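What follows is one structure encoded as structure tokens, with my remarks underneath.
Everything numeric here is computed off the predicted structure, so don't read it as measured data.
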Amino acid sequence: HKKIVIPSLSFFQDELKGEGVVKSRRTLGELAGIFENQDAYSQLPLDQLAYEVYSYLPEREGTPGGLYFGITQLYPGKVGDEYFMTKGHFHQQEDRSEYYWGLEGEGMLILMDRERNTWAERMMPGSLHYIPGGVAHRVANTGNSVLSFAACWPSDAGHNYEEIANKGFSARLVEVDGTPKLR
Ligand code: M6P
Ligand code: ZN
């Protein structure tokens, strides 16, 4: 394995100096169907960047016992009264858990268990969030600046986007009188 050094968040904001760090991006166009207000969504450019993920994946996908690391930078914005958010997923291997922690900006981590109970946790610099196995997870940027958070998850967790893409979460995080509320 190559050794990479992560001295600070700025490491990720610079060019990719870290060997083995993979950058991926999601545009609003790739988030089709996740927002409630289709009219508001259709007003926005499909190529607008919603978020970027810098991932360090030292093991082959599916390796038991390995850990992956990622930093997600989610841009501020809204579609109607709903905040820009990540696509959201369960893990392919249902029982695999994950840590998220806040680095920069303000947001909410939206969680939903197998019985489709949905709740949310406030994300801020330094906040730590344990996501147990069997719990779907998605992050919304509730602020006016970039929301950065780090993640650590097992290399055999995998992503299962299907249920969230088809049925969403059982509640939506919307802005009501200037504050985020689950509805
Ligand atoms: C975190 C991790 C990644 C995930 C990314 C974006 O960095 O959970 O595994 O890919 O967030 O979330 P999503 O895949 O739901 O778009
Ligand atoms: Zn995950």
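- Counted by atom type alone, H89 and H137 present one or more donor-acceptor pairs between their side chains at under 3.5 Å.
- Shortest non-hydrogen contact noted between Q38 and G33 is NE2-CA, 4.3 Å.
- Looking only at distances, no side-chain donor or acceptor of S155 sits under 3.5 Å from a matching main-chain atom of Y68.
- In this structure, the separation between CZ on F90 and CG on D113 is 7.5 Å, given to the nearest 0.5 Å.
- Between the side chains of S97 and Y130, at least one donor N or O lies within less than 3.5 Å of an accepting N or O.
- Side-chain contact annotation: T118 with S170, donor-acceptor N/O pair under 3.5 Å present.
- Criterion: ILVMFWY side-chain heavy atoms under 4.5 Å apart, direct or through other members. Under it, Y56 and L67 are not part of a common hydrophobic cluster.
- Under 3.5 Å, the side chains of H91 and E98 contain a donor-acceptor pair of N or O atoms.
- Side chains of M123 and H129 form a contact here, defined as non-hydrogen atoms less than 4.5 Å apart.
- Summarising the geometry, atom CG belonging to N141 is positioned 12.0 Å from atom CE belonging to M108; distances are rounded to the nearest 0.5 Å.
- Although no hydrogens or angles enter the test, the distance criterion places no donor-acceptor pair under 3.5 Å between the side chain of Y83 and the main chain of G143.
- From L31, atom CG reaches atom CD1 of I34 across 4.5 Å, with rounding to the nearest 0.5 Å.
- The distance from atom NZ of K87 to atom CD of E30, rounded to the nearest 0.5 Å, is 8.0 Å.
- At a threshold of 4.5 Å between non-hydrogen side-chain atoms, the residues F35 and M85 count as touching.
- Between F149 and Y100, the ring-plane angle classifies as tilted under the 30° and 60° cut-offs.
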Quick one: do V53 and I71 satisfy side-chain contact (heavy atoms from CB on, under 4.5 Å)? Show the steps, please. CA-CA 6 Å; V53 184; I71 290 183; over 6 Å; no

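- Hydrophobic clustering of Ile, Leu, Val, Met, Phe, Trp and Tyr side chains at less than 4.5 Å, counting indirect connections, keeps L109 apart from W153.
- At a threshold of 4.0 Å, the pair E94-R114 counts as salt-bridged, since one of the basic side-chain nitrogens sits closer than that to a carboxylate oxygen.
- If you check the side chains of E106 and T142, you find no donor sitting under 3.5 Å from an acceptor.
- Considering SG of C152 and CD1 of I131, their distance stands at 11.0 Å, rounded to 0.5 Å.
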Where do D156 and T63 land on the side-chain contact (heavy atoms from CB on, under 4.5 Å) test, with the steps shown first? CA-CA 5 Å; D156 63 353; T63 303; over 6 Å; no

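- A salt bridge links E163 to R116: one of the charged nitrogens lies within less than 4.0 Å of a carboxylate oxygen.
- None of L74, L147, V139 except one satisfies the side chain to side chain contact (heavy atoms under 4.5 Å, CB included) rule with Y51; the exception is L74.
- In this structure, E121 and I110 have side chains that are not in contact, with every pair of non-hydrogen atoms separated by 4.5 Å or more.
- Annotation: cation-pi geometry not satisfied between K78 and F84 (NZ/CZ under 6.0 angstrom from ring centroid, within 45° of ring axis).
- Applying the 6.0 Å contact sphere to CG of N166 captures more than 12 heavy atoms from other residues, nucleotides or ligands.
- Comment: D81 does not engage R172 in a salt bridge, judged by the lack of any side-chain N to carboxylate O separation of less than 4.0 angstrom.
- Q43 places no side-chain N or O within donor-acceptor distance of the main-chain N or O of A40, the cut-off being under 3.5 Å.
- Using a 30° and 60° split on the angle between ring planes, W101 and F69 fall in the tilted class, from 30° to 60°.
- Between E162 and K167 there is no salt bridge, since no side-chain nitrogen of the basic residue lies less than 4.0 Å from a carboxylate oxygen of the acidic one.
- The CZ atom of R183 lies 10.0 Å from the CG atom of L173; values are rounded to the nearest 0.5 Å.
- For the pair R26 and Y161, the distance from NZ or CZ to the six-membered ring centre is under 6.0 Å and the angle to the ring normal is within 45 degrees.
- With a 4.5 Å cut-off on side-chain heavy atoms, R138 and I164 count as touching.
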